[in-house]
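The structure under discussion appears below in the form of structure tokens.
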Amino acid sequence: MGNRLEQLLEFWFHKKDDCQWILATIFETQGSAYRKAGAKMLFNSNGQSFGLLSGGCLEADLMHKAQKCLASGDDVITIYDMQDDADISWQLGIGCGGVVKVLLQRVDKSNGYQGLTSLRDNLINRVECYYQQNLTNHRSVIKKFNQVLTPEQFNARNKLLTAENFIAKITPRPAIAIMGAGTDAQPLVNIAHSLGWHISLFDSRVNYGRSAYFKKADEIIKAPYKTLSDCQFLNNADVIIIMNHSITLDAEALLVSEQTQALYIGMLGPEHRTERVLKHAGLKLSNLKKPFFNPIGLDLGGELPESIALSILSQAHAYIEQASALPLSKKIDKNIDNNIQQKISSVAS
């Protein structure tokens with residue numbers, strides 16, 4: 001099981017009444033922190049934890065506090081201050097150097113499961129929403145349960161927000177549609193699965209897209225691309241990768257992809273091949289409606305399918321997360337020659 005909220009809630013939902021549960025939420029950070037405000041994980045009365053709020057540093061102490069929360073039934077707020085050498089954070093060996101504030105809340109039938117069932121439903125149906133948590137229950141006689149808000153409700157309440165509440169925007173996990181289910185699509189599916197993405201695989205060819213080889217795909221659709229205009233798994237995809245190794249099929253895939261809400265469309269193959277695909281589809285590069293990437297991927301090196309898959313997903317991930325794909329370190333190894341540095345800068349731009 002991964003660490004995405006949707007995955008955590010799906011596991012929790014089927015066991016929600018088998019034991020007692022605690023929801024842990026980071027509601028504020030200052031300075032450096034492994035995860036930011038809004039990150040969540042779950043603890044239960046069986047001594048199990050699911051998800052991460054740090055690199056593994058805080059979880060053992062949070063488990064101890066979660067058991068106290070279960071015993072008292074009251075919310076608990078705990079603060080880890082890595083800037084204060086007298087704080088317990090130093091005993092835990094945390095070295096981020098920031099402040100992390102965590103809210104622990106009991107989740108059961110008596111408090112409406114703190115709205116987590118509704119939150120799960122929204123995520124399953126790929127509906128964006130907001131999750132409101134009360135920060136004063138640990139000191140208040142009148143308890144207020146968590147709520148799931150629509151964007152309209154959030155906008156209406158936004159002007160009335162106070163320090164009593166923490167509201168986080170909750171978005172569905174990214175969805176990827178892979179059009180072409182040859183052997184080289186297998187590592188693409190596997191890596192996307194490890195990222196917690198929803199994976200739809202499309203290929204109408206008889207010997208392609210067999211479930212035995214794509215066990216980690218959420219959906220395998222064996223239908224001609226021309227018939228997919230109403231397919232929700234394609235229309236709702238954030239990322240579309242076209243990799244049929246066929247001029248005709250790639251052209252059909254590109255035509256139907258242009259009608260979706262995808263944020264990123266990429267096609268495998270060099271530019272001169274893509275020109276043939278566009279001509280076959282009756283399209284021009286300048287007239288494409290969606291962001292189109294070809295050649296696809298970042299220049300990471302390597303020629304194996306696994307390396308190519310990593311390159312593709314790295315670029316797609318950076319694009320939908322609105323990140324630069326630049327190195328996080330400010331200094332580049334002096335041993336890297338100028339030509340490679342220029343290639344890195346060119347790809348990143």
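This structure is a prediction, so every number in the text was calculated from the model and none was measured. For reference, positions follow the sequence shown, starting with 1.
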So which heavy atom on [X] is nearest to which on [Y], and how close?
X	Y	value
Met267	Leu254	CE-CD2, 4.0 Å
Gln114	Tyr131	O-OH, 2.6 Å
Ala66	Leu104	N-CD1, 4.0 Å
Asn134	Asn146	N-OD1, 3.8 Å
Gly115	Val148	O-CG2, 3.4 Å
Ile167	Leu149	CD1-CD1, 4.1 Å

Heavy atoms, side chains only, cut-off 4.5 Å: are [X] and [Y] in contact?
X	Y	result
Asp108	Gln20	no
Val76	Lys68	no
Arg126	Gln232	no
Leu278	Thr274	yes
Lys144	Glu164	yes
Leu249	Phe202	no
Leu42	Phe11	no

Do [X] and [Y] sit in one hydrophobic cluster, given that two such residues count as connected whenever their side-chain heavy atoms are within less than 4.5 Å of each other, even indirectly?
X	Y	answer
Val239	Ile308	yes
Val127	Tyr113	no
Ile242	Leu288	yes
Val100	Met63	yes
Phe13	Leu123	yes

If you round to the nearest 0.5 Å, how far is [atom2] of [Y] from [atom1] of [X]?
X	Y	atom1	atom2	value
Leu70	Ser45	CG	OG	6.0 Å
Ile221	Leu228	CD1	CG	7.5 Å
Ser211	Lys222	OG	NZ	9.5 Å
Phe43	Leu23	CZ	CG	10.0 Å
Phe166	Lys101	CZ	NZ	12.5 Å
Cys129	Lys169	SG	NZ	10.5 Å

Closer than 3.5 angstrom, by distance alone: can the side chain of [X] be matched with the main-chain N or O of [Y] as a donor-acceptor pair?
X	Y	answer
Asp203	Arg205	yes
Thr29	Ala33	no
Glu252	Lys226	no
Asn294	Gly269	yes
Lys40	Gly38	yes
Glu258	Lys289	yes
Asn111	Arg106	yes
Ser311	Ser307	no

Open item on the list: I'd like to know whether NZ of Lys36 has more than 12 heavy-atom contacts from other residues, nucleotides or ligands below 6.0 angstrom.
Closed with: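 Above 12, so yes.
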TODO: Using the side chain to side chain contact (heavy atoms under 4.5 Å, CB included) rule, take Tyr208 and Asn244 through it: C-alpha gap first, then chi angles, then the decisive distance, then the call.
DONE: CA-CA 10 Å; Tyr208 290 74; Asn244 294 282; over 6 Å; no
Show which side-chain atoms of residues 172-200 pair as donor or acceptor with protein atoms under 3.5 Å away, not counting sequence neighbours.
{"from": "Arg173", "atom 1": "NE", "to": "Glu6", "atom 2": "OE2", "distance (Å)": "3.4"}
{"from": "Arg173", "atom 1": "NH1", "to": "Gly196", "atom 2": "O", "distance (Å)": "3.3"}
{"from": "Arg173", "atom 1": "NH1", "to": "Trp197", "atom 2": "O", "distance (Å)": "3.4"}
{"from": "Asp184", "atom 1": "OD2", "to": "His245", "atom 2": "NE2", "distance (Å)": "2.7"}
{"from": "Asn190", "atom 1": "ND2", "to": "Gln186", "atom 2": "O", "distance (Å)": "3.3"}
{"from": "Ser194", "atom 1": "OG", "to": "Ile191", "atom 2": "O", "distance (Å)": "2.6"}

Task: Qualifying ring-ring contact (aromatic ring centres under 6.0 Å, His included) pairs with a residue from residues 286-315, counting only residues at least two apart or across chains - done: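 Every ring-ring contact (aromatic ring centres under 6.0 Å, His included) pair that includes a residue of residues 286-315, provided the two are not neighbours, is Tyr264-Phe293, Phe293-Tyr319.
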- [ ] Starting from the C-alpha separation in whole Å, work towards a yes-or-no answer on side chain to side chain contact (heavy atoms under 4.5 Å, CB included) for Glu59 and Leu53.
- [x] CA-CA 7 Å; Glu59 283 68 20; Leu53 293 188; 3.9 Å; yes
Open item on the list: Holding to ring pair (Phe, Tyr, Trp, His ring centres under 6.0 Å), I want the full list of residues that pass it with Phe27, two or more places apart in sequence or in another chain.
Closed with: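 Result, ring pair (Phe, Tyr, Trp, His ring centres under 6.0 Å) vs Phe27: none returned.
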Task: N-O pairing of Arg276 and Asp250 below 4.0 Å - done: no
TODO: Look at Glu10 together with Arg120 and state whether they make a salt bridge at an N to O cut-off of under 4.0 Å.
DONE: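 Looking at Arg120 together with Glu10, the answer is yes, because their closest N to O distance falls below 4.0 Å.
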Open item on the list: Quick one, Leu58 with Thr78, criterion side chain to side chain contact (heavy atoms under 4.5 Å, CB included). Give me CA distance, side-chain angles, the key distance, then yes/no.
Closed with: CA-CA 11 Å; Leu58 302 178; Thr78 184; over 6 Å; no
- [ ] Please work out whether the ring planes of Tyr130 and Phe154 are parallel, tilted or perpendicular, with thresholds of 30° and 60°.
- [x] parallel
- [ ] With side chain to side chain contact (heavy atoms under 4.5 Å, CB included) as the test, would you mind laying out the steps for Ile312 and Leu268 before giving the verdict?
- [x] CA-CA 9 Å; Ile312 292 171; Leu268 199 65; 4.1 Å; yes
